[in-house]
Structures are given as C-alpha cells and as structure tokens.
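Single-structure report; data block below.
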Amino acid sequence: MRRANRLFDIVEYLRRAKRVVTAQELAAEMEVSVRTIYRDIADLQASRVPVEGEAGLGYMMRSGYELPPLMFTEDEIEALVFGARMVRAWGDAAFTGAADAAVAKIRAVLPDRLERIAGTTRLTVAPHRTNPQDGYSRHLTPVRRAIRERRILDVDYEALSGERTHRELRPLGLAFFGPFWMLAAWCEMRGDFRTFRIERIRSLKVTDKTFRDEKGKTMEDFVARPGEAGYARPHDAPAVAAK
C-alpha cells in the first residue's frame with residue numbers, strides 16, 4: 001500500500017471509530033509495524049490533522065473533522081456503477097432515480113480516464129421483471145420511508161401457506177435476498193419480531209403514529225438473536241411471518 005493511501009486509511013479508521021484506538025490495532029488493520037504507525041501518526045499531527053493521543057495510550061480523531069474529497073480508484077468506480085445498476089434493477093422508482101443521479105454527479109467530476117471506465121464497465125445486473133400485482137414496486141418505497149421516519153405500518157399479509165393476517169408493525173430494516181426484499185419488524189399483534197417478504201404484502205398503509213426505540217424491540221435486538229444476524233432466513237419463514 002502506498003504511504004499516502006495508508007495515511008488516508010488511518011484517518012478514515014480513526015474518524016469512523018469515534019473512540020480511542022491503539023497503535024497495535026491500527027498496525028494490524030494496516031498490516032504494518034507499530035513503529036510505522038507511530039511515524040504516520042506523528043506526520044499526520046505535524047500536518048495539523050486533529051489526531052489526539054500519544055504512544056502507549058492510543059489515538060482518537062477530534063469530532064467534526066472531514067477529509068477533503070479524494071479521487072476514486074478504478075475498482076471503486078466499478079463498484080459504484082455496479083451498485084447503482086443493482087438498485088436500478090431491484091429497487092423501487094425513487095431508489096432508481098437517486099442511484100442514477102448519484103452516478104451522474106460522480107461522473108461529472110471524474111477525469112476522462114475514469115469517466116470512460118464508469119461509462120463502459122461490463123458489470124451488469126439481470127433486470128427484475130416486475131408484476132404490477134405483486135406489491136413489490138408499490139410497497140418498497142413507503143416501507144423504506146416508514147423505516148426512516150419510524151412510522152407504524154398497517155399491513156395485510158399473505159404467507160406462502162395462503163394464510164392472511166392483519167398486522168400493526170414497527171418497521172426496523174430491509175434486506176435484499178435476490179430476488180426479493182425482506183422486512184424485519186416488531187409485530188404488535190405477536191409481541192415479537194417477525195420477517196415479511198415485501199411482495200407478499202397485499203395492502204399497506206403508513207400511519208401517522210410514530211415509535212421510539214424501546215429495549216428489546218430494536219433492530220439491534222433483532223440481529224442479536226441467535227441465527228438472525230444478517231436476516232439469517234432468506235425466505236418467507238412461515239414459522240415467523242405467519243404466526
């Protein structure tokens with residue numbers, strides 16, 4: 001790794017950590033010696049980068065520090081374009097517009113060589129064949145916004161078994177398990193966490209009722225349960241969603 005890239009990575013690591021980080025931890029992360037980390041930190045401090053701390057105690061980035069914009073690598077450009085194409089193929093209309101706008105902004109400031117890579121990359125995504133009746137496109141946008149605004153959802157849901165239920169949900173998070181999206185939620189009717197496939201939602205209303213984090217009912221609580229990290233069940237999970 002070039003030294004300039006390592007210095008940038010050290011600053012980013014400290015900025016994201018928001019805690020005291022030891023030289024040993026940084027050395028392991030950057031795959032260099034502790035002595036090299038000491039030299040790098042000293043150079044950053046000499047350059048007026050607000051890294052606080054000292055050898056033997058650890059280091060922390062002063063809050064509020066932002067790095068100036070840096071140029072993307074070729075791999076980063078391809079990753080961004082591929083991600084935007086994933087969103088276009090499998091997201092909702094609002095997501096598609098946002099992804100296209102973000103890529104357009106990025107391409108507008110790229111040098112010619114990288115702009116050509118962004119425009120000609122051969123990484124593609126198979127399109128989602130939307131069925132207007134399946135609820136996929138209709139419900140993804142309001143669910144995303146309800147998660148962001150912490151609004152209660154009134155949902156009519158049909159499990160794979162055919163059983164239909166009415167639920168009042170606290171929407172907590174969405175995960176994509178191609179070819180479908182899974183909603184993790186706190187179900188008020190069951191008093192427990194449940195997961196729901198978006199295309200199995202038959203009707204949905206975003207209510208005016210909002211919710212706050214409560215111990216035992218948060219997304220962090222959900223993923224902390226055995227087997228739930230990363231939404232461990234990439235399927236309809238009738239035992240969870242239909243009871």
Side-chain angles (χ1 to χ4, degrees), residues 83-102 124-243:
R85 290 175 179 177
M86 281 284 292
V87 169
R88 187 183 300 118
W90 295 97
D92 52 59
F95 248 9
T96 296
D100 288 343
T124 59
V125 181
H128 171 61
R129 291 173 174 80
T130 302
N131 177 353
Q133 304 302 317
D134 68 7
Y136 181 97
S137 298
R138 290 183 292 122
H139 298 320
L140 192 55
T141 298
V143 168
R144 286 197 301 105
R145 291 175 177 167
I147 292 170
R148 190 166 60 235
E149 297 172 5
R150 299 191 178 195
R151 294 191 178 275
I152 297 291
L153 296 175
D154 277 338
V155 169
D156 286 315
Y157 187 76
E158 183 176 351
L160 289 177
S161 64
E163 179 185 2
R164 297 187 64 153
T165 53
H166 181 80
R167 310 291 182 115
E168 187 174 87
L169 306 176
R170 298 185 183 197
L172 302 176
L174 278 168
F176 179 66
F177 293 103
F180 54 80
W181 287 85
M182 183 80 80
L183 168 67
W186 175 265
C187 179
E188 299 290 359
M189 181 175 72
R190 300 304 187 195
D192 200 357
F193 296 108
R194 292 292 185 269
T195 55
F196 304 87
R197 280 172 53 164
I198 293 296
E199 84 279 6
R200 306 294 303 178
I201 295 176
R202 297 306 177 228
S203 68
L204 177 147
K205 178 184 178 183
V206 180
T207 73
D208 292 331
K209 295 187 289 185
T210 60
F211 63 93
R212 297 180 179 179
D213 284 345
E214 294 182 34
K215 186 176 181 180
K217 299 182 180 182
T218 68
M219 189 64 186
E220 291 73 21
D221 295 315
F222 172 72
V223 299
R225 302 200 318 179
E228 297 290 7
Y231 296 39
R233 282 185 295 274
H235 49 74
D236 189 62
V240 172
K243 289 188 176 181

message: So that I can tick it off, tell me whether Arg145 and Asp92 are bridged by a salt bridge, with the cut-off set at under 4.0 angstrom between side-chain N and carboxylate O.
response: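 Salt bridge between Asp92 and Arg145, a charged N being under 4.0 Å from a carboxylate O: no.
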Approximate separation, where rounding is to 0.5 Å, of [X] [atom1] and [Y] [atom2]:
X      : Y      : atom1 : atom2 : result
Leu160 : Glu158 : CG    : CD    : 9.0 Å
His166 : Leu169 : NE2   : CG    : 8.5 Å
Arg212 : Thr218 : CZ    : OG1   : 15.5 Å
Phe180 : Arg200 : CZ    : CZ    : 11.0 Å
His139 : Ile198 : NE2   : CD1   : 8.0 Å
Phe222 : Leu172 : CZ    : CG    : 8.0 Å

- request: Flag this pair as yes if the NZ/CZ of Arg225 is under 6.0 angstrom from the six-membered ring centre of Phe193 and inside a 45 degree cone about the axis; otherwise no.
  value: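 Here Arg225 fails the 6.0 Å and 45° test against Phe193.
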query: Using 30° and 60° as the class limits, which term best fits the ring planes of Phe196 and Tyr157: parallel, tilted or perpendicular?
result: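 Taking Tyr157 first and then Phe196, their aromatic rings stand perpendicular (interplane angle over 60°).
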Plane angle bin for Trp90 and Phe176 - parallel if under 30°, tilted between 30 and 60°, otherwise perpendicular: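 Rings of Phe176 and Trp90: tilted, as their planes differ by 30° to 60°.
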- prompt: Any side-chain heavy-atom pair from Leu153 and Ile201 closer than 4.5 angstrom?
  reply: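 A side-chain contact under 4.5 Å is absent here.
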Measure from the side-chain N and O atoms of [X] to the backbone N and O of [Y], and report whether any donor-acceptor pair falls under 3.5 Å.
X      : Y      : value
Arg150 : Phe211 : no
Arg88  : Thr96  : no
Arg194 : Gly191 : no
Thr207 : Ile152 : yes

Would you name the heavy atoms of [X] and [Y] that are closest together and state the gap between them?
X      : Y      : value
Ala146 : Val206 : CB-CG1, 4.2 Å
Val125 : Ala89  : CG1-CB, 3.7 Å
Ala184 : Thr195 : CA-CG2, 4.4 Å

task: Take Leu183 and Val155, measure what side-chain contact (heavy atoms from CB on, under 4.5 Å) needs, and give me the verdict at the end.
output: CA-CA 12 Å; Leu183 168 67; Val155 169; 5.9 Å; no
task: Report the residues that fulfil side-chain hydrogen bond (donor to acceptor under 3.5 Å, both in side chains) with Lys209, sequence neighbours left out, ordered by chain and then residue number.
output: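 Checked Lys209 against side-chain hydrogen bond (donor to acceptor under 3.5 Å, both in side chains); matches are Glu168.
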query: Listed by chain and number, what are the salt bridge (Lys or Arg N to Asp or Glu O under 4.0 Å) partners of Asp221, not counting sequence neighbours?
result: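 Asp221 satisfies salt bridge (Lys or Arg N to Asp or Glu O under 4.0 Å) with no other residue.
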query: Glu188 pairs by side-chain hydrogen bond (donor to acceptor under 3.5 Å, both in side chains) with which of Lys217, Arg170, Arg167?
result: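 It is Arg170, the one option of Lys217, Arg170, Arg167 that forms the side-chain hydrogen bond (donor to acceptor under 3.5 Å, both in side chains) with Glu188.
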